[in-house]
Amino acid sequence: MADLLLQGKICLVTGASRGIGAAIARAAAAAGAMVAINYCRSRNLAESLAEELRNEGGQAMAIQADVGSSADVERMFATVEKAWGPVSLLVNNAGVSLRELVTHTSEDQWDQVINTNLKGPFLCCRRALPHMIRSRWGRIINIASVWGMRGASCESVYAASKGGLILFTKSLAQEVGPSGVTVNALAPGPIGTDMLADELTEAERQDLAADIPLGRLGSPEDVAKTVIFLLSEGGNYINGQVITVDGGWTA
Ligand code: NAP
């Protein structure tokens, strides 16, 4: 049944208080997964999303953690394990952007982007993998970006974090594939979330949409549907890949 693709599976989505992560959490719950909604600062949004999913009959909890902190990541996984059991579906979605000239970028800004976008997925994978390997089954999806494939002016640090995440994905897929764990990345193009609204004006977003063969920005749901496909049986033989979800922008 299409609505039970992930029935009973324990799914952790990082950065799920809003935007793409929230859409992934909703789609995973609709597919029957028990969903841990990680957030960093947006407690109210994460708690109300968890409540919404519970009201719809699902199992969901909101958990605060900075994914760039190993202590926070340990506490987050331990909380899920105590309540439900070990995570078998991990979606590393939490991310921050930075649009700045390299000459104007501080060391703190570099650290924040790299810690969240690259160290975070490393810490979460490192914590999730022992159980996945022992049970010889697991699914990891890393949300990268088309900017991590082609780069862009004033996006050097962000692109470096996402480019690093893509090669982390490909390498880890080779490392843990023999243990039955798949690791894939998604490379979304411009998606209509807070992140894009913070970076671009409405006029710039319209220009960007006009450049995309499908004639519109992507929605968080466009990305979420691809994630659910990869997490479910459709993804059984897909490993170490970067799936571009950009309406043909980079085709
Ligand atoms: P968004 O609307 O800005 O949401 C970002 C999410 O990440 C929020 O839930 C935020 O939590 C969380 N987060 C940030 N720092 C965190 C940390 N240190 N620890 C835990 N959570 C943290 O962004 P989005 O557009 O949905 O992007 C989601 C992912 O897709 C990111 O990895 C982004 O790079 C990638 N992506 C986005 C686009 C796009 O055009 N939007 C394109 C390509 C790739 P709080 O609200 O609690 O702070």
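This one's a predicted model, so the numbers in the text were calculated from it and none came from an experiment. Both ligands and their constituent atoms are indexed starting at 1 by order of listing.
At a heavy-atom cutoff of 4.0 Å, ligand 1 is contacted by both the backbone and the side chain of N93. Counting heavy atoms closer than 4.0 Å to ligand 1, residue A187 contributes nothing at all. Within the 4.0 Å heavy-atom criterion, the part of A144 lying near ligand 1 is the backbone and not the side chain. When non-hydrogen atoms are compared, ligand 1 lies under 4.0 Å from the backbone of P190 (N, CA, C, O) but not from its side chain. The proximity of K162 to ligand 1, defined as any non-hydrogen pair under 4.0 Å, is limited to the side chain. At a heavy-atom cutoff of 4.0 Å, ligand 1 is contacted by no atom of V146, backbone or side chain. Under 4.0 Å from ligand 1, not a single heavy atom of N117 appears.
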**Message:** Checking M149 against T250 for the side chain to side chain contact (heavy atoms under 4.5 Å, CB included) test, could you report, in this order, the C-alpha distance in whole Å, the side-chain angles of both residues, the deciding distance, and whether it holds?
**Reply:** CA-CA 10 Å; M149 299 166 80; T250 57; over 6 Å; no
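Looking at M195, K119, R18, it is M195 that brings a heavy atom closest to atom 23 (O) of ligand 1. Of the candidates G189, S161, S17, the one placing a heavy atom closest to atom 42 (C) of ligand 1 is G189. With distances taken over non-hydrogen atoms, the option nearest atom 43 (C) of ligand 1 out of P188, A197, S69 is P188.
Checking N236 against R139 by side-chain atom types alone, a donor-acceptor pair falls below 3.5 Å. In summary, the side chains of T105 and E100 do not present any donor paired with an acceptor at a separation below 3.5 Å, with no hydrogens or angles considered. The closest side-chain donor-acceptor pair between N38 and T14, if any, does not fall under 3.5 angstrom.
A continuous path of ILVMFWY side-chain contacts below 4.5 Å connects L172 to I133, so both sit in one hydrophobic cluster. When hydrophobic clusters are built by joining Ile, Leu, Val, Met, Phe, Trp and Tyr residues whose side-chain heavy atoms come closer than 4.5 Å, directly or via intermediates, L217 is not grouped with V223. There is no path of hydrophobic side-chain contacts, each under 4.5 Å, that joins V146 to V245.
Taking every non-hydrogen atom of G95 and a distance limit under 4.0 Å, the qualifying atoms of ligand 1 come out as 5 (C), 7 (O), 14 (C), 31 (C), 32 (O). Residue D66 has at least one heavy-atom neighbour below 4.0 Å for each of these atoms of ligand 1: 17 (C), 18 (N), 19 (N).
Smallest separation of non-hydrogen atoms from A144 and I166: CB-CG1, 3.7 Å.
Although no hydrogens or angles enter the test, the distance criterion places a donor-acceptor pair under 3.5 Å between the side chain of N184 and the main chain of G240.
Checked against a 3.5 angstrom limit, the closest N/O atoms of G21 and ligand 1 fall outside it. For the pair V96 and ligand 1, the shortest N or O to N or O distance does not fall below 3.5 Å.
Between K9 and W137 the shortest side-chain heavy-atom distance falls below 4.5 Å.
The shortest separation from a heavy atom of G218 to ligand 1 is not under 4.0 Å, leaving the residue out of contact. The shortest heavy-atom distance from G192 to ligand 1 is not under 4.0 Å. Residue contacts with ligand 1 include A16, since one or more of its heavy atoms lies under 4.0 Å from the ligand. Contact annotation: T116 has at least one heavy atom less than 4.0 Å from an atom of ligand 1. Under a 4.0 Å heavy-atom criterion, A65 is in contact with ligand 1.
Taking the six-membered ring where the residue is Trp, W147 and W249 present tilted rings, their angle falling between 30° and 60°.
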